[in-house]
Amino acid sequence: MTTEVRPEQLRDGHPNVGAPDPVRTHQAQAPNPSDIRTVSAAEVPANRRRGGDVRTVLAPSTVGSTTGFMGTVTLQPGEVVTEHWHPYSEEFLLVTSGELGVRLDGELRTLRAQEGVCVPIGVRHKLINDSAEPAVAVFTLAPLAPQPRLGHVDTEELPPLPGAAS
């Protein structure tokens with residue numbers, strides 16, 4: 001005896017009789033839209049440990065994300081984000097205003113507004129603002145490191161600010 005399979009019982013061209021629908025399962029687990037948090041960069045304290053004004057806006061700590069995080073970096077003229085690399089994450093960087101020098105494993109390139117780069121896992125990178133205007137970029141990193149302390153490996157220290165006492 002042959003069982004006829006109707007088109008609505010097919011998923012990706014294969015019979016799906018009795019199997020749970022993963023789309024409906026995920027939709028049932030999705031949060032209520034009123035529970036999804038909106039975060040302003042102004043709400044997040046600046047992290048200046050590597051230089052510049054780095055704000056991790058959307059992250060496990062702010063919105064409960066589980067796969068990565070996103071933020072902004074603002075560099076005033078002459079500021080840098082010191083060289084570092086990520087052992088677990090790619091970093092996507094999109095300049096939204098101004099111009100940034102990006103040093104990738106020692107090779108310098110310039111990103112202008114509306115230009116971006118994907119920094120692969122393990123590639124040393126540094127951000128430099130050699131222009132006369134502030135530069136702003138949006139970044140995202142994914143996937144997350146197993147623990148936050150394992151996410152960055154610093155390869156240089158922040159230079160002293162011009163005019164600072166030694």
Side-chain angles (χ1 to χ4, degrees), residues 26-27 29-166:
H26 286 291
Q27 286 174 335
Q29 296 170 352
N32 183 320
S34 62
D35 294 333
I36 299 173
R37 185 158 183 245
T38 300
V39 181
S40 165
E43 295 175 51
V44 180
N47 178 340
R48 297 182 182 276
R49 191 175 82 202
R50 291 181 184 87
D53 180 316
V54 179
R55 294 174 190 257
T56 304
V57 181
L58 304 174
S61 60
T62 60
V63 295
S65 59
T66 60
T67 60
F69 60 90
M70 175 183 261
T72 63
V73 56
T74 303
L75 293 181
Q76 298 302 320
E79 285 189 320
V80 302
V81 170
T82 56
E83 186 183 84
H84 61 281
W85 60 279
H86 307 285
Y88 296 94
S89 309
E90 293 179 311
E91 181 169 352
F92 301 87
L93 181 71
L94 176 69
V95 176
T96 58
S97 66
E99 188 174 285
L100 276 178
V102 180
R103 189 177 305 275
L104 301 169
D105 274 344
E107 180 184 307
L108 184 63
R109 66 180 64 185
T110 300
L111 295 179
R112 292 168 183 80
Q114 304 308 309
E115 292 182 335
V117 66
C118 173
V119 181
I121 293 170
V123 171
R124 293 176 294 116
H125 52 287
K126 177 178 185 169
L127 306 181
I128 306 154
N129 184 355
D130 280 334
S131 76
E133 300 294 325
V136 179
V138 173
F139 66 87
T140 186
L141 279 88
L144 291 171
Q147 299 173 17
R149 67 181 179 78
L150 300 176
H152 289 77
V153 177
D154 293 311
T155 55
E156 70 177 356
E157 292 187 24
L158 187 62
L161 295 172
S166 301

Colleague: Applying the side chain to side chain contact (heavy atoms under 4.5 Å, CB included) criterion to Thr82, which one of His125, Glu156, Glu157 satisfies it?
Modeller: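 Exactly one candidate clears the test, Glu156.
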
Colleague: If I compare all heavy atoms of Ser65 with all of Leu144, which pair ends up nearest, and what's the gap?
Modeller: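 The answer is O-CD1, 4.3 Å.
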
Colleague: Could you walk me through whether Leu93 and Val119 pass the side-chain contact (heavy atoms from CB on, under 4.5 Å) test, one step at a time?
Modeller: CA-CA 8 Å; Leu93 181 71; Val119 181; 5.5 Å; no

Colleague: Are Val102 and Val95 packed together at the side-chain level, in the sense that at least one heavy-atom pair is separated by less than 4.5 angstrom?
Modeller: no

Colleague: Roughly how far, to the nearest 0.5 Å, is CD of Gln114 from OG of Ser97?
Modeller: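 The distance works out to 9.0 Å.
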
Colleague: Using a 4.5 Å cut-off on heavy atoms from C-beta on, say whether the side chain of Thr96 contacts that of Thr72.
Modeller: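 Thr72 vs Thr96: side chains apart.
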
Colleague: Work out which heavy atom in Val57 is nearest to a heavy atom in Thr62; give both atom names and the distance.
Modeller: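 So the minimum-distance heavy-atom pair works out to O-OG1, 2.7 Å.
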
Colleague: Between His86 and His152, how do the two ring planes meet: parallel, tilted or perpendicular, split at 30° and 60°?
Modeller: perpendicular

Colleague: Can you tell me how far OH of Tyr88 sits from CG of Leu150, rounded to the nearest 0.5 angstrom?
Modeller: 5.0 Å

Colleague: Would you check if Leu141 and Glu90 make a side-chain contact, meaning some heavy-atom pair closer than 4.5 Å?
Modeller: no

Colleague: Can you name the nearest heavy-atom pair linking Phe139 to Thr56, along with the distance?
Modeller: CZ-OG1, 4.1 Å

Colleague: What closest approach, in Å, do Ala145 and Ser89 show between heavy atoms, and which atom pair accounts for it?
Modeller: N-OG, 4.2 Å

Colleague: Could you pull out the closest heavy-atom pair between Ser131 and Pro77, with the gap in Å?
Modeller: O-CB, 3.2 Å

Colleague: Look up atom CD1 in Ile128 and atom CG in Leu100, then write down how far apart they are to the nearest 0.5 Å.
Modeller: 9.0 Å

Colleague: A side-chain contact here means heavy atoms from C-beta on lying under 4.5 Å apart; do Phe92 and Val138 qualify?
Modeller: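 Side-chain contact under 4.5 Å: no.
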
Colleague: Drop me the distance from Arg48's CZ to Asp53's CG, to the nearest 0.5 angstrom.
Modeller: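 Going from the CZ atom of Arg48 to the CG atom of Asp53 covers 4.5 Å.
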
Colleague: Please determine which of Glu79, Glu83, His84 meets the side chain to side chain contact (heavy atoms under 4.5 Å, CB included) test together with Val81.
Modeller: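 That would be His84; it is the only one of Glu79, Glu83, His84 passing the side chain to side chain contact (heavy atoms under 4.5 Å, CB included) with Val81.
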
Colleague: If you look at every heavy atom in Ile121 and Pro87, which pair is closest and at what distance?
Modeller: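 Residues Ile121 and Pro87, closest heavy atoms: CG2-O, 3.3 Å.
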
Colleague: Heavy atoms, side chains only, cut-off 4.5 Å: are Asp154 and Arg49 in contact?
Modeller: yes

Colleague: Can Arg109 and Glu115 be counted as an ion pair, charged N to O under 4.0 angstrom?
Modeller: no

Colleague: Quick check against the 3.5 Å criterion: does Thr140 have a side-chain atom that pairs as donor or acceptor with the backbone of Phe69?
Modeller: yes

Colleague: Is there side-chain contact between Thr74 and Gln76, with heavy atoms separated by less than 4.5 Å?
Modeller: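 Result yes, sub-4.5 Å side-chain heavy-atom pair found.
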
Colleague: Count the heavy atoms of every other residue, nucleotide or ligand shown that sit under 6.0 Å from CD of Glu43, and state whether that count exceeds 12.
Modeller: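 Enclosed: over 12 neighbouring heavy atoms sit under 6.0 Å from CD of Glu43.
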
Colleague: Surrounding CD of Gln147 (heavy atoms of other residues, nucleotides or ligands, distance under 6.0 Å), is the total greater than 12?
Modeller: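 More than 12 heavy atoms, drawn from other residues, nucleotides or ligands, come within 6.0 Å of this atom.
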
Colleague: May I ask you to decide if Lys126's main-chain N or O and Arg103's side chain share a donor-acceptor pair within less than 3.5 Å?
Modeller: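 No; zero donor-acceptor contacts below 3.5 Å.
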
